[in-house]
Colleague: 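Handing you a structure now.
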Amino acid sequence: MNRITSLLLLASLFGASASAIAALTSEQIARLPQPAARRVEFSKDIKPILQGTCAQCHGRGKSKGGLRIDTRETFIKGGETGPAAVPGDSAKSLVVELVSGFNPDMVMPQKGSKLKPEQVALLRAWIDQGLPWDKDVFFGKIEPLNLKPRRPAVPSAAKGSGLTNPVDLLLQPYFAAHKTKPTKVVDDRAFARRVFLDIIGVLPAPEELVSFAADKDPRKRERLVARLLADNERYAAHWLTFWNDALRNDYRGTGYIDGGRKQITAWLWRALHDNLPYDRFVAQLVNPAPDAEGFTKGIVWRGVVNASQTPQMQAAQNIGQVFMGANLKCASCHDSFVSDWTLADSYGLAGVYADGPLEIAKCDKPTGQQATARFLYPELGAMDPAAPKAERVRRLAEIITCKENGRLTRTIVNRLWAKFMGRGLVEPVDEMDGKSWNADLLDWLASDLVDNGYDLKKTLARIVTSRAYQLPAVGGSERTAKDYVFRGPVVRRMTAEQFRDAITLLTGIGQAKPDAKVQLPAGVASNIAVRASLLAADPLTTALGRPNREQVVTSRPSAATTLQALELTNGNTLADALKRGAEKLMGGGVGGREDGRELIDQLYLRALGRKPTADELRLAQGFVGKPLRAQGVEDLLWAMTMLPEFQLIY
Amino acid sequence: MKAASQLTRRDFLKTASAATLSALAAGRARQVRANDAEEKIKPTAHTVIVLWLAGGVAHTETFDPKRYTPFEKGLKPEQVLSTFPAIDTAVDPIKLTQGFERLAKVMDRGALIRSYTAGDLGFILHSRHQFHWHTGYAPPQTVACPHIGSVIARTLGPLNPAVPAFIDIGQRFDVGEGEELKAFHTAGFLGSEYGPFLIPHPNQAAESVRPPAGMTPGRFEDRNKFYRKLAAASPVGRHGSEYQRESLARSMDNAHRLLSSPAAKAFDLSLEPRESVQKYLPEGFDAAKLSAAQVRDGSYEAQTVGRFGLGCLLARRLAEVGARFIEVTSEYIPFLNWDTHEHGHTRMVAMKQQVDGPISQLVLDLEARGLLDRTLIVVASEFSRDMLVEGKPDNIVKHQVQVPDTITDIKHYGMHRHFTDAGGVLLFGGGIKRGHLHGVTADERPCRTLKDRVVIEDLHATIYRAMGISPKLAYEIEQRPFYVTRDGLGKPILSLFA
């Protein structure tokens with residue numbers, strides 16, 4: 001049946017509907033909410049109404065009654081009952097008539113709650129003001145971005161460039177387009193400090209730096225990276241922090257008091273130590289054995305919980321955010337106003353984890369509709385919503401980790417890029433609906449991960465052996481500017497854990513036993529037991545930005561704050577470590593008691609990877625006194641660890 | 001020695017606008033542009049002091065006297081509404097209960113809400129209700145919710161740049177439910193710049209704004225000077241300006257200024273004359289034994305008594321030098337202090353003794369200094385208690401205390417279950433009416449709220465209004481607005497304002 005006949009049929013069957021097309025009477029017009037008396041802003045005032053009320057049936061590829069609200073033009077054109085709006089005249093606009101509900105048989109929206117008078121007033125003002133529409137707002141069907149895998153061709157190296165790393169080859173056109181000529185790479189010392197901190201989280205020992213500098217092998221940087229990546233214990237101890245934040249795994253925290261939370265520490269430690277391929281890593285979290293189920297079990301407080309925060313909804317939100325870069329938080333209460341995610345999408349994913357039927361609630365009010373278990377992107381594979389839970393969860397893990405899911409791989413390679421470069425190829429890193437500033441690079445890194453059997457260490461190696469990573473660090477800013485141009489890694493701040501570990505290395509003072517329950521291989525325990533990633537939060541690490549892990553955290557704020565500096569300046573934890581550290585240094589180990597020179601040299605080498613300049617040596621010698629004073633050494637340690645050169649990663 | 005109150009405005013200015021500067025540096029959560037619905041509000045207060053009676057304070061035993069039934073063996077629990085007789089206050093129709101004689105005298109300076117009702121959060125967990133009270137949101141939440149003190153710190157900034165904008169006094173976190181307490185003692189997504197400056201022990205407050213233990217001021221200065229020289233000599237210090245380095249340098253400057261600021265003296269209770277300290281301590285408590293107040297040995301007020309009073313004294317000193325938001329807690333420790341699961345009456349006597357003097361003295365002291373008009377004091381607790389009803393009469397939740405059919409032991413004489421359908425909140429100063437009563441509760445069990453119910457959103461909206469902040473104010477997180485009262489729905493109780 002074509003549209004016209006169907007409309008005729010409808011009209012003849014329901015005489016009342018014909019009257020809907022008739023204009024409103026003047027008496028009805030008088031009863032309409034008055035147009036808002038101010039200038040409306042499309043994106044703020046109108047877009048949420050269209051998104052929340054109309055788009056479900058008239059947008060994203062749907063066209064009930066022939067109406068599509070994809071663009072201003074299609075909106076005005078209307079559907080089977082004629083133009084939806086007359087720009088400049090809201091009283092004559094069909095849409096106003098339908099939403100104001102004079103005719104109970106033809107009231108819009110047909111599903112969900114009706115528009116409030118304030119909303120009608122806004123709609124009227126919008127139409128009266130000529131129906132302005134932001135060009136970039138489109139309610140039509142959009143191909144999900146960053147979903148399908150894509151393997152761009154790697155350009156060949158420009159003549160004489162000597163570039164071989166695909167990352168650099170892919171960046172060639174970018175640099176050319178931005179008229180940027182990458183300068184030479186950083187020196188050995190800066191490179192070594194970077195990769196030590198980035199791969200295993202600790203400062204390089206002075207001996208390491210000496211032998212690295214002396215090494216004449218042109219491939220020594222690749223070799224160093226390979227060696228660090230093979231250091232499984234220290235690699236695991238470092239990356240534990242990143243994944244604890246992302247998977248909100250902590251050794252203490254809310255929920256444990258009532259058995260409403262479960263650690264995954266032992267599993268996570270093993271997975272990192274053994275470099276579990278990322279597809280299996282994700283699969284084991286999505287469809288977990290008991291030791292990994294903490295992630296999808298969520299955090300349960302005693303008492304009743306809002307429908308948007310049940311364990312199943314938490315699982316949906318966290319799987320969406322961490323693995324897919326999809327923010328379902330808005331869409332856990334109602335259809336999102338800022339993205340295309342709907343309540344049904346969130347509940348569909350939550351439904352996979354439901355033990356029985358899961359009723360959809362809108363803003364904590366039951367709707368009577370049941371969730372249909374499915375993944376966010378049906379195009380990746382179907383799921384039988386009626387299958388038992390175990391089967392649904394198994395199938396979900398299979399769908400998420402299938403090779404066609406280019407979103408999974410793009411999300412993780414983007415996180416790694418952001419971690420090393422200070423800014424992602426897509427920002428924010430949890431909103432992978434956004435465009436990359438270099439799609440070829442993002443897509444290639446993602447497909448390269450698949451080609452490498454989902455081995456994240458291979459991706460790490462790709463990135464940190466690139467010339468791009470080895471460029472001198474550039475000053476960044478907290479805000480992610482729209483006009484960002486990549487010129488090299490942004491100067492970063494050590495994490496709380498890196499700082500604490502650096503203090504431990506410098507002073508030899510640290511906690512002997514881990515708070516984390518991990519199975520450490522015999523013999524290595526003494527080396528890594530004191531790594532900060534294995535300790536519960538303390539005032540120092542909290543001040544330096546270790547999150548409490550009540551929510552998923554995928555990037556920590558890097559700006560220094562006053563409360564942080566107060567903790568560094570007079571907090572007990574650091575003061576105690578420095579005091580004991582100075583005593584230890586005075587007690588032996590480092591010589592040079594006569595003029596402090598040897599001690600100062602050693603401390604500079606350990607802390608900054610270099611010897612002091614003549615100026616610095618003179619200053620420090622004058623300060624620590626002759627003969628050395630323990631308090632002088634303690635305060636020298638403090639001053640050195642407060643230096644930007646120490647705390648920042650250049 | 002020069003008392004904090006004598007410090008001049010110029011002293012503070014000299015300490016530079018430390019926190020303001022660093023706030024500019026930190027990545028701040030963006031304020032969502034005010035919309036039309038958000039009115040401009042003229043503030044009636046510039047400082048808030050929350051006095052937190054942690055653990056659930058039975059309204060019928062404190063601010064809302066009902067029929068008094070003295071203890072005798074063989075009482076039926078249903079007979080007992082209150083274990084204290086009512087007393088008169090400075091304001092004729094307002095009655096309080098025995099044990100609040102000093103508060104009764106200052107009732108003409110404030111307003112009393114009797115109809116505060118806590119949220120319906122199911123099976124009771126104190127810390128969860130406290131989270132709800134302090135953030136306006138019940139956990140868990142998809143974003144880290146900021147404490148009301150952080151919202152005020154972020155929105156208004158410090159009153160005196162040399163004093164942290166949000167100071168929290170009296171709560172330790174190595175206690176039961178400590179993790180749950182930590183979860184709301186935070187600025188959440190607003191960023192740690194706005195987090196609480198924590199002072200667990202009021203009489204050790206000076207140490208938190210002083211050079212590290214054992215370091216003389218001279219050495220502290222030398223260390224700082226040396227650091228500056230060393231930083232200037234560092235090769236990376238030489239090449240151009242750069243955001244991270246500047247942010248770090250600025251934060252270090254700020255910290256140093258705060259630590260060497262004259263305002264820091266306000267933190268030092270030892271500068272307070274002995275007789276004025278004594279006014280904040282319970283009768284018979286020797287101010288010389290202050291160190292006992294640091295000890296916690298598993299018993300309750302006998303050891304911690306005095307800390308709340310000292311906290312109130314510290315709050316006064318900090319309010320004098322321009323703190324923005326101060327909270328003093330009687331400290332939440334499960335089953336201790338106000339959390340009376342048994343011996344309710346006996347312990348209530350002691351807890352009243354701990355707070356009656358300090359709260360009223362704080363009101364009087366601020367008044368004497370001309371600060372009460374601009375300082376809003378809020379005395380509150382997470383919910384009330386009752387002998388029989390757990391939760392609300394029409395929404396009973398799983399009870400946690402066995403109540404015998406007949407009371408034969410004094411330990412069963414008291415309010416031991418958690419009641420969420422009424423509760424008292426005292427407000428003083430900051431533009432609030434004097435001698436005013438808000439809300440009515442039933443005279444018979446369940447002594448529930450009958451009229452003018454106040455929920456947390458409205459109480460917050462009232463506090464925000466006094467500070468000139470709209471309940472519809474929102475901050476952007478992950479592209480969506482986070483309202484300072486849930487969904488922007490808080491309605492200030494306008495009848496409370498003078």
Side-chain angles (χ1 to χ4, degrees), chain A residues 38 252-254 256-258 299 301-306 309 314 317 327 329-330 332 337-338 430 475-479 491-493 543 545 548 550-551 557-566 568-570 572 575 613 615-616 619-620 623 631 635 638-640 642-645 647-648 650, chain B residues 18-19 22 25-27 36 120-125 128 138-144 164 177 179-180 182-183 186 191-193 195 197 208 210-213 219 222-223 226-227 229-231 233-237 241-245 247-252 254-256 258-259 478-480:
Chain A
R38 63 179 170 88
R252 292 175 197 150
T254 64
Y256 291 122
I257 191 171
D258 277 334
I299 299 177
W301 288 65
R302 185 189 300 172
V304 294
V305 67
N306 183 293
Q309 277 300 303
Q314 290 183 34
Q317 289 158 3
N327 189 334
K329 293 176 184 177
C330 296
S332 299
F337 303 139
V338 292
D430 290 335
S477 76
E478 188 79 2
R479 291 251 160 262
V491 176
R492 290 163 292 151
R493 191 155 189 229
N548 66 7
E550 298 296 309
Q551 283 83 20
S558 67
T561 71
T562 306
L563 292 179
Q564 221 167 65
L566 275 173
L568 292 171
T569 308
N570 82 336
N572 287 333
T613 63
D615 267 2
E616 288 169 329
L619 275 171
F623 185 74
Q631 285 188 350
D635 292 352
W638 180 83
M640 290 187 67
M642 292 306 112
L643 290 175
E645 189 180 348
Q647 292 194 12
L648 302 179
Y650 280 96
Chain B
S22 64
D36 290 358
D120 292 314
L121 310 186
F123 187 26
I124 302 276
L125 181 71
R128 191 163 183 238
Q141 288 288 330
T142 54
V143 299
E177 295 174 49
E179 294 301 322
E180 283 69 19
K182 276 184 206 164
T186 163
S192 63
E193 188 72 34
F197 186 79
S208 54
R210 199 181 260 168
R219 179 179 159 203
D222 288 347
R223 183 179 83 162
F226 171 64
Y227 161 65
K229 283 187 209 153
L230 210 57
S234 158
V236 305
S241 86
E242 176 253 299
Y243 166 79
Q244 286 288 0
R245 196 173 68 234
S247 145
L248 193 62
R250 189 157 37 225
S251 74
M252 293 300 291
N254 293 344
H256 185 257
L258 287 175
L259 293 175
E478 295 170 7
Q479 298 184 67
R480 57 200 181 121

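Below, chains carry the letters A, B, ... as their sequence lines are ordered, and counting in each starts from 1.
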Colleague: Which atoms of B:Ala183 are under 4.5 Å from chain A, going by heavy atoms: the side chain, the backbone, both sets, or neither?
Modeller: both

Colleague: Just by modelled atom types, is the A:Arg492 backbone N or O under 3.5 Å from a matching donor or acceptor in the A:Ser558 side chain?
Modeller: no

Colleague: Quick one: of A:Ala575, A:Gly545, A:Gly253, who has the most non-hydrogen atom pairs under 4.5 Å with chain B?
Modeller: A:Gly253

Colleague: Let me know if A:Gln631 has heavy atoms under 4.5 Å from chain B in its side chain, its backbone, both or neither.
Modeller: both

Colleague: Relative to chain B, which segment of A:Gln309 carries a heavy atom at a distance below 4.5 Å: side chain, backbone, both, or neither?
Modeller: both

Colleague: Just to verify, what does A:Asp258 make a salt bridge (Lys or Arg N to Asp or Glu O under 4.0 Å) with, not counting sequence neighbours?
Modeller: A:Arg302

Colleague: Could you tell me which of A:Glu550, A:Met642, A:Met640, A:Gln314 has the largest number of non-hydrogen atom pairs under 4.5 Å with chain B?
Modeller: A:Met642

Colleague: So, B:Thr142 versus B:Arg480: side-chain donor-acceptor pair below 3.5 Å or not?
Modeller: yes

Colleague: Side chain from CB out, backbone as N, CA, C, O: work out which of these in B:Pro140 comes under 4.5 Å of a heavy atom of chain A, or both, or neither.
Modeller: both

Colleague: Treating A:Gln551 as the side-chain partner and B:Val143 as the backbone partner, does any N or O pair qualify as donor plus acceptor under 3.5 Å?
Modeller: yes

Colleague: Going by distance alone, is a donor N or O of one side chain under 3.5 Å from an acceptor N or O of the other, for A:Gln564 and B:Ser251?
Modeller: no

Colleague: Which region of B:Arg223, side chain (C-beta onward) or backbone (N, CA, C, O), has a non-hydrogen atom less than 4.5 Å from a non-hydrogen atom of chain A, or is it both or neither?
Modeller: both

Colleague: Counting only non-hydrogen atoms closer than 4.5 Å, does A:Leu643 touch chain B with its backbone (N, CA, C, O), its side chain (CB onward), both, or neither?
Modeller: both

Colleague: Testing the basics here: between A:Val305 and B:Arg128, what is the closest heavy-atom pair and its distance to 0.1 Å?
Modeller: CA-NH2, 4.1 Å

